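See below for the structure under consideration.
This is a predicted model, so every value here is computed, not measured. Numbers here simply count residues along the sequence, with the first being 1. Values below: all heavy atoms of this structure, side chains included; hydrogens, waters and symmetry mates excluded.
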Amino acid sequence: MAQRTASVEGVRRRNLGEVLRLVHEQGPQPRARITADTGLNRSTVADLVAALVEARLVAEREPDPTRRVGRPSPIVVPSDDVVAIAANPEVDALEVAAIALSGAVRARVREESRELLTPEQTADALARIVSGWRGHELKGARTVGAGLAVPGLVSLDGRVVRLAPHLHWEGAPFAAIVEERLGLPVVIGNDATLGARAEHLFGAAAGHRDVVYLNGGASGIGGGLIVDGRVVGGAGGYAGEWGRTRPGLLDDADRRTPEGALEDEVSRARLLAVLGLEAADDPTLAGALAASDHPEVDAEVERQRRILATALANAVNVLNPSAIVLGGFLGMLVAVDPAGFDEAVREQALAPAAEELVVRAAGLAEDRLLIGAAEAAFAPLLADPLG
């Protein structure tokens with residue numbers, strides 16, 4: 001009898017998670033649509049929604065009164081007051097956000113740094129920022145955890161930064177360090193892998209099951225891979241390090257580093273240098289590129305576009321994705337001339353492999369990595385909302 005009771009409770013918890021995930025990932029939903037999408041009966045869905053409302057994970061709103069066809073169905077809305085802390089430590093800045101279950105960004109800050117921060121210094125900065133928010137922006141909110149998007153290799157259990165070469169972190173138990181400072185459960189992940197998941201759920205890769213994602217940041221180029229709708233991590237969780245591949249250069253005059261990797265040739269730092277900028281966040285860099293009419297800037301942008309197009313054509317031939325999504329400064333390179341860049345990729349790829357391909361800049365812009373980190377923090381809640 002006890003075993004049967006436990007089984008029934010397990011099914012209920014899974015169903016609660018399915019309902020919460022549905023409204024979290026797809027936004028406010030009529031209860032009738034939840035019933036249709038889950039295949040559960042109306043009374044079961046009503047009971048599950050009531051439990052989630054009681055736990056303050058969702059709220060119910062009255063339907064649009066202008067829609068009078070059929071029986072009106074209450075709208076189930078994910079909470080703005082259940083939040084996750086998301087952070088992305090980089091070589092030039094620390095970006096932190098508090099992101100709600102509803103998707104709302106409750107608070108966000110970017111703190112620039114001229115020196116590399118250690119894991120401990122990063123954790124101290126996080127604690128200071130979050131402590132300030134708890135008294136103001138997040139007053140009354142329930143914080144369920146923290147997700148950290150790190151530009152490096154992360155252990156499969158999401159606890160240790162195995163190697164973040166640009167940050168000079170190696171073997172750092174970063175999750176435990178931050179947990180001690182914040183008093184919250186913490187999970188870490190590779191920044192580009194988290195960005196890939198965010199874009200697949202909410203951004204430019206939504207609706208695509210086979211996706212190549214490349215992220216261009218201050219630390220270089222990372223990547224994520226989604227195959228048949230699932231993020232692929234590889235044997236050790238380290239798949240997607242596109243930046244360390246050797247670039248194919250159609251014209252040797254485009255080479256700037258004799259033995260350099262892709263991220264040495266296609267480089268945010270080179271764009272900043274040619275623009276005469278010491279540092280910039282993504283919107284500032286994008287604005288500077290769009291405003292510039294200097295021939296030297298144009299030449300550098302076109303050089304990087306040529307090399308990047310070749311790298312992506314190779315990815316098309318090997319992986320046959322339906323979407324390639326480019327984040328950070330890579331998306332800015334595409335935005336200069338999207339049609340021309342698409343053509344450059346297709347010219348170097350096998351035509352059948354590129355038939356269904358779309359090449360897009362990231363849809364979540366500068367929030368993509370933080371949203372991905374928040375999703376990692378929300379995962380336990382979505383799996384077991386009342387656990």
Side-chain angles (χ1 to χ4, degrees), residues 91-92 166 192 195 199 204 212-223 241-319 321 323-351 353-354 357-363 365-366 368:
V91 298
D92 60 345
H166 299 284
E199 287 291 331
V212 169
Y213 172 79
L214 268 67
N215 188 70
S219 289
I221 297 174
E241 290 299 317
W242 298 94
R244 301 314 302 164
T245 60
R246 294 293 180 252
L249 281 77
L250 300 180
D251 184 349
D252 200 55
D254 281 341
R255 187 179 299 279
R256 297 293 180 268
T257 55
E259 301 295 332
L262 177 64
E263 64 187 22
D264 298 317
E265 297 288 353
V266 181
S267 161
R268 191 177 192 273
R270 292 183 184 278
L271 292 177
L272 289 174
V274 78
L275 286 164
L277 298 174
E278 289 188 10
D281 60 10
D282 279 359
T284 301
L285 177 56
L289 286 172
S292 175
D293 58 0
H294 196 286
E296 190 177 353
V297 174
D298 293 344
E300 178 60 20
V301 167
E302 288 305 314
R303 185 191 73 85
Q304 293 198 23
R305 280 165 54 94
R306 287 192 293 271
I307 298 170
L308 180 60
T310 300
L312 296 182
N314 290 333
V316 171
N317 291 339
V318 173
L319 298 167
I324 293 176
V325 177
L326 301 170
F329 81 90
L330 300 180
M332 301 172 204
L333 294 176
V334 175
V336 170
D337 177 9
F341 188 81
D342 183 87
E343 183 179 356
V345 173
R346 292 178 186 277
E347 284 179 348
Q348 299 175 71
L350 294 170
L357 178 69
V358 295
V359 181
R360 296 172 173 169
E366 68 268 24
R368 65 200 183 280

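Residues R306 and D254 are paired through a salt bridge, judged by an N-O separation under 4.0 Å between the basic side chain and the carboxylate. With salt bridges taken as basic N to acidic carboxylate O contacts below 4.0 Å, one links D282 and R268. A salt bridge does not link R270 to E265: none of the charged nitrogens lies less than 4.0 Å from a carboxylate oxygen.
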For the pair L350 and V316, evaluate side-chain contact (heavy atoms from CB on, under 4.5 Å) and give the outcome as yes or no after the intermediate values.
-> CA-CA 8 Å; L350 294 170; V316 171; over 6 Å; no
Carefully, step by step, assess R244 and E263 under the rule side-chain contact (heavy atoms from CB on, under 4.5 Å).
-> CA-CA 7 Å; R244 301 314 302 164; E263 64 187 22; 2.9 Å; yes
Please test R360 against E199 for side-chain contact (heavy atoms from CB on, under 4.5 Å), starting from the C-alpha separation and ending with a verdict.
-> CA-CA 11 Å; R360 296 172 173 169; E199 287 291 331; over 6 Å; no
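Separation of atoms CG (L214) and CD1 (I324) is listed at 8.0 Å; rounding is to 0.5 Å. Put simply, CG on L312 and CZ on R305 are 11.5 Å apart, with the number rounded to the nearest 0.5 Å. Considering OH of Y213 and CG of L326, their distance stands at 8.5 Å, rounded to 0.5 Å. The distance from atom OG of S267 to atom CD1 of I221, rounded to the nearest 0.5 Å, is 8.0 Å. Considering OG1 of T284 and CG of L277, their distance stands at 8.5 Å, rounded to 0.5 Å.
The two residues A192 and G222 make their nearest non-hydrogen contact at CB-C, 3.4 Å. For the pair S219 and V91, the tightest heavy-atom approach, listed with the atom from each and the gap, is OG-CG1, 3.5 Å. Of all the heavy atoms in P321 and A315, the pair that sits closest is CD-O, 4.0 Å. Across D92 and A218, no two heavy atoms sit closer than the pair OD1-CB, 3.6 Å. Nearest approach of A204 to A361, heavy atoms of both residues: CB-O, 3.5 Å. Heavy-atom minimum distance, G327 versus R368: CA-NE, 3.7 Å.
L271 places a side-chain heavy atom less than 4.5 Å from the side chain of E300. The closest side-chain heavy-atom distance from L249 to T310 is not below 4.5 Å.
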What pairs of donor and acceptor atoms, side-chain ones from residues 329-344 against any protein atom, are under 3.5 angstrom apart with sequence neighbours left out?
unit_1	atom_1	unit_2	atom_2	d
D337	OD1	G340	N	3.1
D342	OD2	R346	NE	2.7

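Counting only distance, with no hydrogens or angles, the side chain of N317 and the backbone of N314 share no donor-acceptor pair below 3.5 Å.
Listed by first and then second residue, the side-chain hydrogen bond (donor to acceptor under 3.5 Å, both in side chains) pairs that reach into residues 289-298 come to none, sequence neighbours excluded.
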